[in-house]
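What follows is a set of notes on a single structure, which appears directly below.
Chain A is the first sequence line, chain B the second, and so forth, proteins listed ahead of strands; every chain is numbered from 1.
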Protein chains: 2
Amino acid sequence: MSRKISKQGLPPLDWLKVFEAAGRHGSFTAAAEEFGATQAAVSQRIRNLESWLGRQLFIRSARGVSLTVDGESYLPLVHDSLRALEQGTENLFGHSVRELRIAAQPSHLEMLLLPRLTVFSESYPDMRIVTETVPKRQDFEAADRALHIRYGRGVWDGREGVLLANEVLQPMTAPEHAKAWRSLPAIELRGERPGWSEWARVTGEGEPEMGPVSVDSMGHALRAARRGIGVVLGSRALASSLLQTGQLECAAAPELATIDGYWMTWPASLGKSKRQAEVLASLTAALQNL
Amino acid sequence: MSRKISKQGLPPLDWLKVFEAAGRHGSFTAAAEEFGATQAAVSQRIRNLESWLGRQLFIRSARGVSLTVDGESYLPLVHDSLRALEQGTENLFGHSVRELRIAAQPSHLEMLLLPRLTVFSESYPDMRIVTETVPKRQDFEAADRALHIRYGRGVWDGREGVLLANEVLQPMTAPEHAKAWRSLPAIELRGERPGWSEWARVTGEGEPEMGPVSVDSMGHALRAARRGIGVVLGSRALASSLLQTGQLECAAAPELATIDGYWMTWPASLGKSKRQAEVLASLTAALQNL
DNA sequence: TTCGAGAGTTAGGTTTTCTAATGTCTAGGA
DNA sequence: TCCTAGACATTAGAAAACCTAACTCTCGAA
């Protein structure tokens, strides 16, 4: 039985895409490359189309293919129609199609997302990334159509998501102080993460002496440590680019693993189409590469 | 992974067909009917499209659907593009697509094909049937792109085909003479079919007395018998419509089955697409209904 | 309150499509 | 002439996409 949905008087339209590309290139192989598929796939679809139309569209030779008279007549029509559709679709929906809105706390955007975005952008060069900073937790709800990157223990409400990395805390300092980190004052970090006393309790280490600095954001804490202000119980995930570039260094001290982590979530409606699923997968891969 | 062949910037075009129909009807159910598919299929394809575009195209309510602003904007573009493609395709290839050329001997066309064509035409109302009479055997070769209906023992050269009916011969007369057929003169039929003597030999019956009439075509022979000129060793297949309408009647006499038969054949290139395969199947079904 | 029409959802079977491997053909060079 | 490289065809089998059947949900009318 044939594919069920096929308008009377029109061949399956996806065959026409292949015809258009093959006609344009004068080569099945080149058309296949344009689609990232094999030459066999193109060959079969062209054959299907010719068979449906009842006419040859290409003349095959050992050196390549050329259009028959019928093919020559058909190509402009197909080309123009597809281009009109493409243009119109782009005008109406281009933004939604090629734009990815990402909401996160400013420091997460800066320390998790931005350093790894180039990897993603290489795969999807014409995809715009639009960030939306989320000062407070509850502001995530207002951005419910965007991707979220946030710290926590699991997936939220009606959204799907993946764990990018678990939170692992370890004392970190500027490189020049890494050896003698015990002599540095500890920087206090207020918030939902375990602090120095929890670290000391779990690892059995002695609690370092607290310094005068207390911040409420891991981003600030890490930057403070980089300047030599003290030792911070830093997040491996958030610090990873600072660590990789040598601006920060882990002290030779035990780490504290937590059950919390950094999650990327999206509305369940996203990711239903394969294209979006691929985009999400690519972004996930980039971000998990800590 | 998504379907491999999908032009950048364009969703799978077959989704657009469904969108166009659903938008035109304002109803998924109606669109489904137009395609001969289920409402679920339409629903899923629309959802895919919306997901690909990243926008809602329809507003769903319990009573039906209506287009969103985005949908309203998109519909004319899609409608016009598809229509242009449809029109252009029809202009260029309409004949090949909706025309079936059938070559056969005149009497086969008349007695096998025409009586059963209505059955086929009901399924494919806008398909033109173009017959080509073939006076001599070798003329089939000239019509090698057409369907052939011919008498013989199997499939020919590079063609595919099906057996429509085996040849079965039986004495036939006009209805008023059926009882007393032995008293009628036999009509001689020259050609490749077994004759009266073969019939007598195989069935063990006595050979009827030969009359003065000798013809070289089963069509002529049957018509002669219908006029009461004599008894003919008639082909069940070719006579079937005459028998059904009571213009001819089988005598109460044994039949002679042969290994020959009526075949429909087509170039192997036909029937490769599902559409053509369906057309062929439908025609075969009509013609086998003897 | 019940009913019916229309749409959503899901699981699972079918059909279509794609790929990998292999075959065929031709042109051009050794 | 023989060989090779490049382009397309063909095939079976795997993978993806698709469709249907069966069910649910919701709304508005009787």
Side-chain angles (χ1 to χ4, degrees), chain A residues 1-6 11-19 21-23 25-52 56-68 71 158 268-269 272-278 281, chain B residues 1-6 11-19 21-23 25-52 56-68 71 158 268-269 272-275 277-278:
Chain A
M1 214 147 300
S2 112
R3 62 170 63 205
K4 242 15 205 327
I5 294 186
S6 160
L13 290 179
D14 293 320
W15 295 352
L16 295 181
K17 285 187 189 166
V18 182
F19 165 65
H25 287 116
S27 154
F28 289 4
T29 306
E33 267 159 24
E34 174 174 329
F35 291 122
T38 58
Q39 172 266 326
V42 172
S43 174
Q44 286 168 121
R45 273 161 97 126
I46 299 281
R47 188 177 50 186
N48 285 342
L49 179 60
E50 290 180 323
S51 174
W52 196 96
Q56 292 258 123
L57 294 171
F58 289 97
I59 296 162
R60 279 85 165 164
S61 80
R63 309 289 289 162
V65 294
S66 57
L67 288 163
T68 61
S269 63
K272 287 284 175 61
S273 87
K274 296 298 172 182
R275 187 190 134 83
Q276 290 177 336
E278 282 169 7
Chain B
M1 215 145 299
S2 113
R3 63 170 63 204
K4 242 15 204 330
I5 293 186
S6 160
L13 291 179
D14 292 320
W15 295 353
L16 295 181
K17 285 187 190 167
V18 181
F19 166 64
H25 287 116
S27 154
F28 290 3
T29 306
E33 266 159 23
E34 174 173 330
F35 291 122
T38 57
Q39 175 268 328
V42 172
S43 174
Q44 285 169 120
R45 273 160 97 127
I46 299 280
R47 190 176 47 185
N48 285 342
L49 179 61
E50 290 180 324
S51 173
W52 196 97
Q56 293 258 124
L57 295 170
F58 289 96
I59 297 163
R60 279 85 164 163
S61 79
R63 310 289 289 162
V65 294
S66 58
L67 287 163
T68 61
S269 63
K272 286 283 175 62
S273 87
K274 296 297 171 184
R275 189 190 133 82
E278 282 170 6

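- To the nearest angstrom, P of D:dT20 lies 12 Å from CZ of B:Phe35.
- Here the P atom of nucleotide C:dT15 and the CG atom of B:Asp14 are 18 Å apart, to the nearest Å.
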Inset, instruction - Sugar-phosphate atoms are those with a prime plus P, OP1 and OP2; base atoms are the rest. Using that split, label each nucleotide of nucleotides 22-27 of chain D B, S or - for protein heavy atoms under 4.0 Å, 5' to 3'. - result: ----BS
Inset, instruction - Mind running side-chain contact (heavy atoms from CB on, under 4.5 Å) on A:Glu50 and A:Thr68 for me, showing each step along the way? - result: CA-CA 11 Å; A:Glu50 290 180 323; A:Thr68 61; over 6 Å; no
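- In this structure, B:Phe28 and B:Ser43 approach most closely via the heavy-atom pair CD2-CA, 4.1 Å.
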Legend entry - side-chain contact (heavy atoms from CB on, under 4.5 Å) evaluation trace for B:Val42 with B:His25: CA-CA 12 Å; B:Val42 172; B:His25 287 116; over 6 Å; no
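- The ring-ring contact (aromatic ring centres under 6.0 Å, His included) search around B:Phe19 returns B:Phe58, B:Tyr74, not counting sequence neighbours.
- Taking 4.0 angstrom as the limit, A:Arg45 places a side-chain polar atom (N or O) nearer than this to OP1 or OP2 of C:dC18.
- Distance A:Leu13 CG to C:dT16 C1': 16 Å, rounded to the nearest Å.
- B:Arg47 places its CZ atom 14 Å from the P atom of D:dA17, with the value rounded to the nearest Å.
- Contact between the side-chain N/O atoms of B:Ser43 and the OP1/OP2 oxygens of C:dG8 is found at a separation under 4.0 Å.
- If you take CG of B:Leu57 and C1' of C:dA7, they are 16 Å apart, rounded to a whole angstrom.
- Atom P of nucleotide C:dT15 and atom CD of A:Gln44 are separated by 18 Å, given to the nearest angstrom.
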Inset, instruction - Check step by step if side-chain contact (heavy atoms from CB on, under 4.5 Å) holds for A:Leu13 and B:Leu16. - result: CA-CA 9 Å; A:Leu13 290 179; B:Leu16 295 181; 5.7 Å; no
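- Shortest non-hydrogen contact noted between B:Ala41 and B:Ala37 is CB-CB, 4.4 Å.
- Considering every non-hydrogen atom in both A:Asp14 and B:Asp14, the closest pair reads OD2-OD2, 3.0 Å.
- Between A:Trp15 and the phosphate of C:dT17, there is a side-chain N or O to OP1/OP2 separation shorter than 4.0 Å.
- For A:Arg60, a side-chain nitrogen or oxygen approaches OP1 or OP2 of D:dA9 to under 4.0 Å.
- For the pair A:Thr29 and D:dC8, the criterion of a side-chain N or O lying under 4.0 Å from OP1 or OP2 is met.
- The CD1-C1' distance, from A:Ile46 to C:dC18, rounds to 15 Å in whole Å.
- Note: NZ (B:Lys17) to C1' (D:dC18) measures 14 Å, nearest angstrom.
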